[in-house]
> 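Supplied in structure tokens, the structure appears directly below.
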Amino acid sequence: MTGRVRVFAAALFLALAVLPAASARPAGPALSLVAYSTPQPVMARLVDLWSSTPAGKGVSFTQSYGPSGAQARAIVAGQPADVAFLSTGLDVDGLVDAGLVSQSWGKAPHGGIAADSVVAFVVRGGNPKHIRTWSDLVEPGVQVVTPNPFSSGSAKWNILAAYSAERKLGKTDEQATAFVRQLFRHVVSQDSSGANALNTFLTGKGDVLLTYESEAYAALAAGKDIHLVIPRQTMLIELPMVPTRAAPAQARRFIAFVQSARAQAILAANGYRPVVESVLSRPALKKWRLAYTGGSRAIVRIADPLFGGWRRADRVWFDPSKGRMVAIEREVGGPAGAGG
Amino acid sequence: MPAASATAGPIPARARGRPRVAPTDVLPLGFVACFLTAVVVLPIAALVWESRRQGARSFWRVVSSPEAVAALRLTLGAAVVVALVNAVLGTVTAWVLVRDEFRGKTLVNAVIDLPFALPTIVAGLTLVALYGPGSPVGVDLAFTRGAIVLALCFVTLPFVVRAVQPVLQELDTEMEEAARSLGAGQAAVFRRIVFPNLLPGILSGAALALARAVGEIGAVVLISGNLPYRTEVSSVFVMSRIESGDAAGAAAVAVVLLCVSFALLLAIGGIRLLVTRHERA
């Protein structure tokens, strides 16, 4: 019997010894892209296109997609990454704190941003509850789906959009915060990620889903019976794409390609707002120009004095022990709240 | 199998009620010790280490925060309900599979283990589609506490069935027949003959189900709606701490979860020892 154990132990030892060798990276110019989930189809296309350009020829590319926060943590934990494409600047700041990305990433061309989006309402086909504005969300009987702000970057944009919309309508800080609290009394599901929230909404729960405009277009492209509403006041979602400190020169060249007019036109046709706005004047993109620029809208950026950038906004709103959302969640869901 | 052979050596293993390790058994014992250290002891030690990195005050602040306490109560409540449901329905299922003859029994027997093979996130997705707002069977349970129990029952179903089944198969029906011939009714036979024999198996299965239910995330995260204070279980709360960059807080809540689970498992083990004491006497 012990002979068998020995063989087994030897096999296990061998397996452990061989594993790291098998995961070594191949030789030659190679770039690894670590990105959040939604842009996977369009990014795969851009990577293909880049490898047919002189700069991208012969560069092998590995791509990894997953929830933005999880991807950022994986990079901090040691996952090889030359280019990071994340859904909030906050996740990039996490890479900065770990010393993996330059502190001045925001000073790169286009502020280190690869594409934009805005916070949008997704409603049922035909908009049966006539939802147009933020105040429509807190009408009696309206059910709202948004992810949990402590587990999802997408939820953070939604909450800041609700707050800033009220401020742009002339409300005080206190009134706008009260509005967010009121809004959360209508929230019927706080999923762990934007993707899960979309799934919850598509199974039939709720009247409105708060999400990225680009996510909504992805769902529309999949043929879902939903309707997209862009509120007059909303928040600009800036999607950063940054090179890591250790990345080869090709990483910057790839990012420059993504910010080129050619790539931006493709992003624009896939539901993302281009950072090179001039591409929208192309006749082929007329539909998207109308979608992205129609109406006179107040679009607030995270750099607006209302928030003062991601780090401050995160500390004020989403600190896990002292943030405003901790208090709001307690008031809404706790023993004294509306629920039971 | 090699590990099991360690206690069945040539020397009387239970000389004084406690298995003795013979000198020749050092290799398998060492191997098991290394294996357990690598896959259980070290990760848990690292978890405890991480949880106390920010000091005792910070540890206490996180685990005593109202949201963490609400999540913990919901998690333990749901896990206990799930263990009880499994103890009853799992035993009945095992009974039907062993004692009754029907067509397709082999198939049903194979189906029992399927919940283990399915990625639990897929289980969650399927349950939302089946018992959510668009339910084809007209049952809308999703985003309630009932949905959490349902999802946990799904992923823990095999534990009690598989723990009770072999005991039932081994159980000699002669004992029951003898009892019946002595005038015992059906209920008395079950209560005094069958049930005491099954109880250790039921307890083992229920303990496994309880432990699994406490830690489960995949099956629950989609169907619960994760409303803080209402339908947010501890595993999801822990995940949100991690996503918020509060790894120490996440570890702290996980450590509390582990301690409470450990206490529950010890209690169940204690009951099991109590009901099997005649076998060891």
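Everything quoted here is computed from the prediction, not taken from an experiment. Proteins come first, then strands; the chains are lettered A, B, ... in the order of their sequence lines, and each starts at number 1.
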> Working to the nearest 0.5 angstrom, can you tell me the gap between Asp314(A) CG and Ser244(B) OG?
7.5 Å

> Which of residues 194-206 of chain A have a heavy atom under 4.5 Å from any heavy atom of chain B?
Asn196(A), Asn199(A), Thr200(A), Thr203(A), Gly204(A), Lys205(A)

> Using non-hydrogen atoms only, which part of Val188(A) is less than 4.5 Å away from chain B: side chain, backbone, both, or neither?
backbone

> Using non-hydrogen atoms only, which part of Leu125(B) is less than 4.5 Å away from chain A: side chain, backbone, both, or neither?
side chain

> Name the option with the most non-hydrogen atom pairs under 4.5 Å to chain A; the candidates are Glu232(B), Arg241(B), Glu67(B), Arg61(B).
Arg241(B)

> For chain B, which residues from residues 320-329 of chain A lie under 4.5 Å away (heavy-atom distances)?
Pro320(A), Ser321(A), Glu329(A)

> Side chain, backbone, both or neither: which part of Asp191(A) has an atom under 4.5 Å from a heavy atom of chain B?
both

> Got a donor-acceptor contact below 3.5 angstrom from the Ser240(B) side chain to the Phe150(A) backbone?
no

> Give a yes or no on whether Arg245(A) atom CZ has more than 12 heavy-atom contacts from other residues, nucleotides or ligands under 6.0 Å away.
yes

> To the nearest 0.5 Å, what is the distance between OG (Ser192(A)) and CD (Glu243(B))?
8.0 Å

> Is there a side-chain contact between Met239(B) and Asn148(A) in this structure, where contact means two heavy atoms from C-beta onward sitting under 4.5 Å apart?
no

> Does any part of the side chain of Leu227(B), heavy atoms only, come nearer than 4.5 Å to the side chain of Ser189(A), both counted from C-beta?
no

> Is the shortest heavy-atom distance from the side chain of Thr231(B) to the side chain of Gln190(A) under 4.5 Å?
no

> Is it true that, when you exclude Tyr131(B) itself, more than 12 heavy atoms of the residues, nucleotides or ligands shown sit nearer than 6.0 Å to its OH?
no

> Crowded around Phe262(B) CZ? As in, over 12 foreign heavy atoms under 6.0 Å?
no

> To the nearest 0.5 Å, how far apart are CG in Asn226(B) and OG in Ser152(A)?
11.0 Å

